[in-house]
Amino acid sequence: MYKQKQRFFVLMILLLVLTVLLLGLSIAAGIIPSLKNIPFLEQGASILAMLSGGLAFAMVFKITSINESMRSLHVENRYYLSRESLFYNYQLFEKRIERLVKSHKKQGTYIVVFSASKRAVMRNVYRNNTVTQLNGFISDYLNALLAENKEYKSSDFAFCYYHGQFVIYTYLPLNETQEIISKINKEIYAIVERNDIKVFALPYFGVAEVRKDQSLFETLDNALTARDYAEKHFEPETFYSDDLRKDASLSEVEELREAIANNELEVYYQPKYNLETKRFVGSEALVRWNSPRYGLLAPARFLDRAEISGLIHEIDMFVFKRVCEDLASIRRKGDRMLPVSVNFSMYEFYSPDFFDNISMIIDKTGTARNLIEIEVTETTAQANPFMTTSILKKLKDSGFRILMDDFGLGFSNLGNLNRMAFDTVKIDKSFIDGLITDSKSREIVKFLIALCKTNNMEVIAEGVDKVEQVEILRKAKCDTIQGYYYSKPLPLAQYQAFLANNPFEKKEEGK
Ligand code: C2E
Ligand code: MG
Ligand code: MG
C-alpha cells in the first residue's frame, strides 16, 4: 500500500515536470520567433498541457481515494486485529494476488487458510477482545516471518484477514508451504502461552492449490472448505480435493433438512428475572437440535449451515410456531404464563412475507401479540436499516414488543435505538463477562443502561452467571437479568416447573 502511494507520488512529480516543460515551450514559442515556424507547436503544446493537467487531476483524485481506502483499512485492522494498517483486506489482497498469479511461470501456488481456534470461538471476534488480541499477535508473527526469511521475495508470500480467518498466499513448493504451516501452528500455541491469552488454541489449516481456470475467490472457497473439513475431522491440516465438498456441505445440509422433517428440533426456554419486582417476567426461546446421532446440539453447531442453505427460514418459523403452540397449551392448562422473546435471523428482514407469515401463525394459534417479543440483533438492524425500520414499525403497531439483541457489539449505532423504537435492549454478554474484573466494561454497561433508561427502554443483561455481576447490575439500575445464574435454557415442562417452584422468588417471598 505504501509502495503504491510512493509510485503515484513519483508519477505525479514526473507529470508536473512534463506540464511545466510544455507550458514553458509554448510560452517560449510566443517570444522566440524561430520556434513559431515549428508546425502545430502551439496547438500541440496546449493539447499536451491540457492532457497532463487532466492526468495530474486524475492522480490527485486517485491519491485521495487511496487515502480513503487506507483509512478504512486502518479501522478494519484495528477492529479485527487490534493493530493499525498491518494487512491488506481481502479486496486488495485479491487484486494483488490475481496480478501475481498471471505472471507466474511455475506450477505450485497455494492458498492457506487458518484460524487459531474453532470457528465457534473465532466467531466471537465480535464479542471478545481476547480473540482480537490473539489475532493481533498472529498478524505480528506473519509479518516477522516474512521479514526474517531473506530467501522469500514479497511476491512469494502474502497475507490478509478475511471473516475470522487468516489467508496466506505462497508461491513456494508444497513442502516449503507445509513448513510454514507447521511454524505458524507452533507459534500460535507459543503466543497463547507467552501472553497468557485465555483462548483455547486449536489451529486448523486448509490448503488449496491456485488453478489458472479458477478465480482466486474460488480457490479461497476451496481452502475454506478444506479448513472446515479439518475442524470437523480433528485434522490439524487438510489439503483440498473436490471429494471434500460432498462431505462438507451437501451431506450436512441434507442432514439438517432431514432433522427438521423428522421433528428433531426442540425449543428451550431461558427465564428472565426482574430485579425490581423480584419475579421472573418472561423467557427467551432458544432452538436445540436433539440429534439421535450427535446428541443435544446448541445453535452454534448448525445455524451456520442453516443460514448458508436458507433452511434458517424454516427453523425461525418452526420455533415461532412452537412457541405459540406452547403458549396455547399453557393457557389451556391454566399454568403461569409469561411473555416469550423469539430470535429471528437476518433472512426474515429481507423477506416481504415476514409480517404475513407470523401473523398467520398468531391467528391460527390464537396467541395474544403482547405475549411475544421479537428479538432483532444489532447487526441485522444495521445491515438493512430502512427495511428493518419499516418492518419493525409494522410489527410494533400491530402489538408485538421489539427487542434489540446483542447490543454493544460491532460498530454500535446509538441512533438505531431511537429510530427503531425498541421496547427492550439486551446488553451483550461480552460486556457482562468483564463486569467483575474490567472497569472499562463496567463503565460501558453503566453508560448503556443510563442511555436506554433515558430513552424509556427496558434493559436486560444477558449471560449473567455470577452473583457479583447481579449485584453490580442491581446498583446500575438494570431492569432484568437473563443468565445461567438464574437458570440455563430449559425444555418447556422443566421451565414451567421452575416457574412454579424456584429458589429466587421463594427467597424474596420468605423475607
Ligand atoms: P442469543 O439470542 O444472544 O442467545 C443467548 C445465548 O446465550 C444462548 O445461547 C444462551 O444459552 C446463552 N446464555 C445465556 N445465559 C448464559 C450464561 O450465563 N452463560 C453462558 N455462557 N451463556 C449464556 P444459545 O442457546 O446457544 O444460542 C446462541 C445463539 O443462537 C443465540 O444468541 C441466537 O443468536 C441464535 N439462536 C438461538 N435460537 C434461535 C432461533 O430460534 N432462531 C434464530 N434465528 N437464531 C437462534
Ligand atoms: Mg437472543
Ligand atoms: Mg444475545
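Note that ligands are numbered from 1 as they come in the structure, with each ligand's atoms numbered from 1 the same way. Sequence positions, counted from 1, serve as the residue numbers for this chain.
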Checking one value in my table: which N/O/S atom of Asp406 lies closest to the Mg ion (ligand 3)? OD1
Hey, are Asp316 and Ser345 close enough side-chain-wise for a donor-acceptor pair under 3.5 Å? yes
Please work out which of the three classes, parallel, tilted or perpendicular, describes the rings of Tyr110 and Phe239, given edges at 30° and 60°. perpendicular
In Glu462, what N, O or S atom is nearest to the Mg ion (ligand 3), if we give its atom name? OE2
Assess Arg288 against Phe302: is NZ or CZ under 6.0 Å from the centre of the six-membered ring, and within 45 degrees of the ring's axis? no
With the Mg ion (ligand 2) at the apex, how many degrees lie between OD1 of Asn343 and OD2 of Asp405, rounded to 10 degrees? 100°
Nearest to atom 11 (O) of ligand 1 by heavy atom, Ala285, Pro299, Pro489, Ala461: which? Pro489
Between Asp428 and Ser430, does any side-chain donor sit less than 3.5 Å from a side-chain acceptor? yes
In terms of the angle between their ring planes, are Tyr169 and Phe93 parallel, tilted or perpendicular, with boundaries placed at 30° and 60°? perpendicular
Part of Asn343 within contact of ligand 1 (heavy atoms, under 4.0 Å): both
Has Glu284 got any heavy atom lying under 4.0 angstrom from an atom of ligand 1? yes
Against heavy atoms of Glu462, which atoms of ligand 1 measure under 4.0 Å? 3 (O), 5 (C)
Do Tyr141 and Phe159 make the cut of ring centroids closer than 6.0 angstrom? no
Would you say Tyr486 and Val470 make side-chain contact, with heavy atoms under 4.5 Å? yes
Phe498/Phe280 aromatic ring centres below 6.0 Å: yes
I need the OE2(Glu284)-the Mg ion (ligand 2)-OE1(Glu375) angle, rounded to 10 degrees. 90°
Atoms in ligand 1 flagged as close to Val319, the criterion being non-hydrogen separation under 4.0 Å: 41 (O)
Atom 44 (N) of ligand 1: of Leu286, Leu297, Asp316, Val267, the nearest heavy atom sits on Asp316
From Asp428, does some N, O or S atom reach closer than 2.8 Å to the Mg ion (ligand 3)? no
Any idea which part of Ile315 is under 4.0 Å from ligand 1, heavy-atom wise: side chain, backbone, both or neither? neither
Do Ser341 and Lys272 have side-chain N/O donor and acceptor atoms under 3.5 Å apart? yes
Per-atom filter on ligand 1: closer than 4.0 angstrom to a heavy atom of Lys429 are 19 (N), 20 (C), 21 (N), 22 (N)
N/O to N/O below 3.5 Å, does that happen between Gln482 and ligand 1? no
I want to know if ligand 1 touches Asp405 in the polar sense, i.e. an N/O pair below 3.5 angstrom. yes
What part of Lys488, side chain, backbone, both or neither, has a heavy atom within less than 4.0 angstrom of ligand 1? neither
When you measure from atom 3 (O) of ligand 1 to each heavy atom in Ile432, Leu265, Asp406, which option holds the nearest one? Asp406
Could you tell me if Lys333 and Gln496 have a donor-acceptor pair between their side chains, going purely by distance under 3.5 Å? no
Of all the atoms in ligand 1, which lie at a distance below 4.0 Å from a heavy atom belonging to Val464? 18 (O)
With ring centroids as reference points, do Phe344 and Phe354 lie under 6.0 angstrom apart? yes
State the atoms of ligand 1, each with its element, that fall below the 4.0 Å cut-off from a heavy-atom position in Ser345. 44 (N)
Heavy-atom side-chain contact between Tyr484 and Gln270 under 4.5 Å: yes
Per-atom contacts, ligand 1 versus Leu303 - under 4.0 Å to a heavy atom: 30 (O), 35 (C), 36 (N), 45 (N), 46 (C)
Could you walk me through whether Asp433 and Lys466 satisfy the salt bridge (charged side-chain N to carboxylate O under 4.0 Å, His left out) test, starting with their C-alpha distance in whole Å, then the side-chain angles of each, then the deciding distance to 0.1 Å, before giving a yes or no? CA-CA 10 Å; Asp433 286 345; Lys466 293 190 184 70; over 6 Å; no
Contact atoms of ligand 1, heavy-atom distance to Gln270 under 4.0 Å: 10 (C), 14 (C), 15 (N)
Check each atom of ligand 1 against the heavy atoms of Gly463 and keep those under 4.0 Å away; list them by number with element. 15 (N), 16 (C), 17 (C), 18 (O)
